[in-house]
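Please read the structure below before turning to the comments.
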Amino acid sequence: NHWLYWVHPIFVWGVVIIVIWLVYQAQAAFLPRRFAWLKNMPEPRSTTVLVEGIPPESQSDEQLKAFFVKMFSAEKVKSAYVVKMTSALRAVIQTKTAAEHSLAEVKAKWEKDGKDPEKRPQVFNYGWDDAINYYEKQIEDLNAKIKEERARIIEASSSVGGVNASAGFVTFHKRSDAQVALRLNFHADSETWVVSIPPDPDSIRWADLEDDPNAAGVEACVGYGLVVALYLAYIPITVGISRLAGMVDMGPLEPLWVGFVPSLGLTLMISFLPTFLILIFKSFFSLKDENWAQHKLQTYYFWFNVTFVILVTAVGSSVTEFARTLLTEPFAIFGLFGKTMPHATHFYMNYIVLQWVTHTMNMTRYINLGKFCLLRKLYNEEDARRMAEPEDQD
């Protein structure tokens, strides 16, 4: 009952009120910038819409444009293109990119050796070959394959179906017509002729737009199952990491180590959780845009943190038991918090200190520094710097 115990909640509520005020101020300053950005959006992005769920009989550039000409008029529709299935072409391009990187690597290594003919790089290909000649020949062959595959796709795209996917882009002459198209329902089936705002051209995930809608639905179910499995396994993994860490004898540093071990497992899982989630999202969900993947990650990561950081003391060692209590006796949750959270002050204090360490490490950008130091041995400093960026965004 000491009066000092009231100081802490006063400061907590003070921080909450200040943060809310700052958020509202930031939002008020952001909105004019958002409106100005939307108003000044250049063409063709401002006049283009993304169309998904195109029926099989309309899966060609000509048929897609004919449909929207029928819905609007020939004077309003500027162009229409169906997304092409280019997985084979992308594979060849990726192989060519890898060969170009290898060629640049062996050339840089040879330059560091002063272009000594005796030290010219070699590569094993059913016997030792000159590496520079080998990669140059490989790139030349791959360029021919790329040209051939592109010609095949262009020829096949004139027919309905085939290399044409069920998604496409329609560009109008006026922005007002594109806005009208976004607000119309073109079919009784909500998954047919679905019109939406297109992603930023630089962040489009073309492979997702090529996906078959039925296969994408199955993959999404698998993705949700993996998220649920990660949710249920979160506490056991966290507790297991902490127990394994507790078995390590740190010698003179043992008192310090014992103080941080209880929150070490949670800190590690929180650090790697975005990586786990983004792998699930990009592997099993049809996102269409890299930025949408980040938005989905933000939403799921928030709720994971609410459950396993703020409510972790009430959750205990069993997520299913906590969920059963919450469903059968919803109002018992307040008593459960009141009994468990006051005994966890040291846990949260240790956790906050470990977060200082995590954020300090992130500010040093040690991953990028390590990549730069390794790449600098193979490339010049400017190329090494460029290849060490950007930071991992998950």
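Throughout, numbering of the chain's residues begins at 1 and tracks the sequence.
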Side chain to side chain contact (heavy atoms under 4.5 Å, CB included) between Ser286 and Glu219: does it pass, once the steps are laid out? CA-CA 9 Å; Ser286 183; Glu219 291 176 355; over 6 Å; no

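- Counting all heavy atoms, side chain and backbone alike, Pro201 lies closest to Arg45 at CD-CD, 4.2 Å.
- Here the closest non-hydrogen pair linking Ala388 and Phe372 is CB-N, 3.9 Å.
- Counting heavy atoms from C-beta on, the side chains of Tyr135 and Val123 come closer than 4.5 Å.
- Heavy atoms from other residues, nucleotides or ligands lying under 6.0 Å from CD of Gln122 number more than 12.
- Put simply, the side chain of Tyr224 reaches to within 4.5 Å of the side chain of Phe285, judged on heavy atoms.
- Taken together through direct or relayed side-chain contacts under 4.5 Å among Ile, Leu, Val, Met, Phe, Trp and Tyr, Leu64 and Leu182 form part of one hydrophobic cluster.
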Does the pair Lys96 and Glu100 meet the rule for a salt bridge (charged side-chain N to carboxylate O under 4.0 Å, His left out), with working shown? CA-CA 6 Å; Lys96 177 194 169 187; Glu100 289 174 340; 3.7 Å; yes

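- Remark: Lys282 engages Glu290 in a salt bridge, criterion side-chain N to carboxylate O under 4.0 Å.
- Residues Thr192 and Pro55 meet the side-chain proximity criterion, which asks for heavy atoms closer than 4.5 Å.
- For the atom pair CD1 (Ile278) and CG (Leu287), the distance works out to 7.5 Å, reported to the nearest 0.5 Å.
- A continuous path of hydrophobic side-chain contacts links Leu230 to Phe284 [ILVMFWY only; heavy atoms under 4.5 Å].
- When every heavy atom of Pro198 is checked against every heavy atom of Val49, the shortest pair comes out as CD-CA, 4.0 Å.
- A salt bridge is absent between Glu155 and Arg152: the closest approach of a Lys/Arg side-chain nitrogen to an acidic carboxylate oxygen does not fall below 4.0 angstrom.
- Taking hydrophobic clusters as Ile, Leu, Val, Met, Phe, Trp and Tyr residues chained together by side-chain heavy-atom distances below 4.5 Å, Leu89 shares a cluster with Leu142.
- A distance of 14.0 Å separates CZ in Arg33 from CG in Leu38, rounded to the nearest 0.5 Å.
- In the displayed structure, Asp129 atom CG is contacted under 6.0 Å by more than 12 heavy atoms of other residues, nucleotides or ligands.
- Contact annotation: the side chain of Lys107 approaches that of Glu136 to within less than 4.5 Å [non-hydrogen atoms, C-beta and beyond].
- Side-chain contact between Val227 and Phe281 is present, with heavy atoms from C-beta onward closer than 4.5 Å.
- Counting non-hydrogen atoms of other residues, nucleotides and ligands closer than 6.0 Å to NZ of Lys145 gives a total of 12 or fewer.
- Residues Val170 and Val195 are not in side-chain contact: their nearest non-hydrogen atoms beyond the backbone lie 4.5 Å or more apart.
- Glu210 and Thr86 are linked by a side-chain donor-acceptor pair at a separation below 3.5 angstrom, with hydrogens and angles left out of the test.
- Counted by atom type alone, Arg90 and Gln94 present zero donor-acceptor pairs between their side chains at under 3.5 Å.
- A salt bridge does not link Lys288 with Asp211: none of the charged nitrogens is closer than 4.0 Å to a carboxylate oxygen.
- Heavy atoms only, all atoms of each residue included: Ile54 and Gly168 are closest at CD1-N, 3.8 Å.
- One finds the CG atom of Leu103 at 4.5 Å from the CD1 atom of Ile139 (value rounded to the nearest 0.5 Å).
- The minimum heavy-atom distance between Leu226 and Ile280, with the atom names listed, is CB-CD1, 3.9 Å.
- At distances below 3.5 Å, not a single donor-acceptor pair connects side-chain atoms of Lys76 with backbone N or O atoms of Ala74.
- Within 6.0 Å of CD on Gln179 lie more than 12 heavy atoms contributed by other residues, nucleotides or ligands.
- In the hydrophobic clustering of this structure, Val23 does not group with Ile18; members are Ile, Leu, Val, Met, Phe, Trp, Tyr whose side-chain heavy atoms approach within less than 4.5 Å, directly or through other members.
- Here Lys174 contributes atom NZ and Thr47 contributes atom OG1; the two are 12.5 Å apart, rounded to the nearest 0.5 Å.
- Sparse packing is recorded around OH of Tyr81, with 12 or fewer heavy atoms of other residues, nucleotides or ligands lying under 6.0 Å away.
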Start with the C-alpha distance between Asp289 and Lys296, add both sets of side-chain angles, then the distance that settles salt bridge (charged side-chain N to carboxylate O under 4.0 Å, His left out), and finish with yes or no. CA-CA 11 Å; Asp289 188 344; Lys296 198 175 187 69; over 6 Å; no

Going through the checks in order, is the side chain to side chain contact (heavy atoms under 4.5 Å, CB included) test met by Val180 and Ser176? CA-CA 6 Å; Val180 170; Ser176 57; 5.6 Å; no

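- Here the shortest heavy-atom pairing between Gln59 and Ala165 reads CG-O, 3.6 Å.
- Ring geometry for Phe186 versus Phe72: interplanar angle of 30 to 60°, hence tilted.
- Atom CG of Leu279 sits in a crowded spot, with more than 12 heavy atoms from other residues, nucleotides or ligands closer than 6.0 Å.
- For Asp141 and Lys137, the salt-bridge test passes: some basic side-chain N is under 4.0 Å from an acidic carboxylate O.
- Cluster annotation: Val83 is not connected to Met85 through the hydrophobic network of ILVMFWY side chains, with a link wherever side-chain heavy atoms come within less than 4.5 Å.
- Between Val51 and Phe169 there is no side-chain heavy-atom pair separated by less than 4.5 Å.
- The closest side-chain heavy-atom distance from Phe68 to Trp193 is below 4.5 Å.
- Heavy-atom neighbours of Trp303 CH2 from other residues, nucleotides or ligands within 6.0 Å: at or below the threshold of 12.
- In this structure, Asn164 contributes its side chain and Ser159 its backbone to a donor-acceptor pair below 3.5 Å.
- Without hydrogens or angle criteria, Ser158 side chain to Ile154 main chain gives no donor-acceptor distance under 3.5 Å.
- A salt bridge links Arg385 with Glu382: at least one charged nitrogen is closer than 4.0 Å to a carboxylate oxygen.
- Note that CG of Leu184 is 9.5 Å distant from CE of Met71, once rounded to the nearest 0.5 Å.
- Between atom CG of residue Leu209 and atom CZ of residue Arg205 there is a gap of 10.0 Å, rounded to the nearest 0.5 Å.
- For Glu57, the CD atom is densely surrounded, since the number of other residues' heavy atoms within 6.0 Å is greater than 12.
- Using modelled atom types, one finds a donor on one side chain and an acceptor on the other under 3.5 Å when comparing Thr48 with Thr171.
- Between the side chains of Glu62 and Ser60, no donor-acceptor pair is found at a separation under 3.5 Å.
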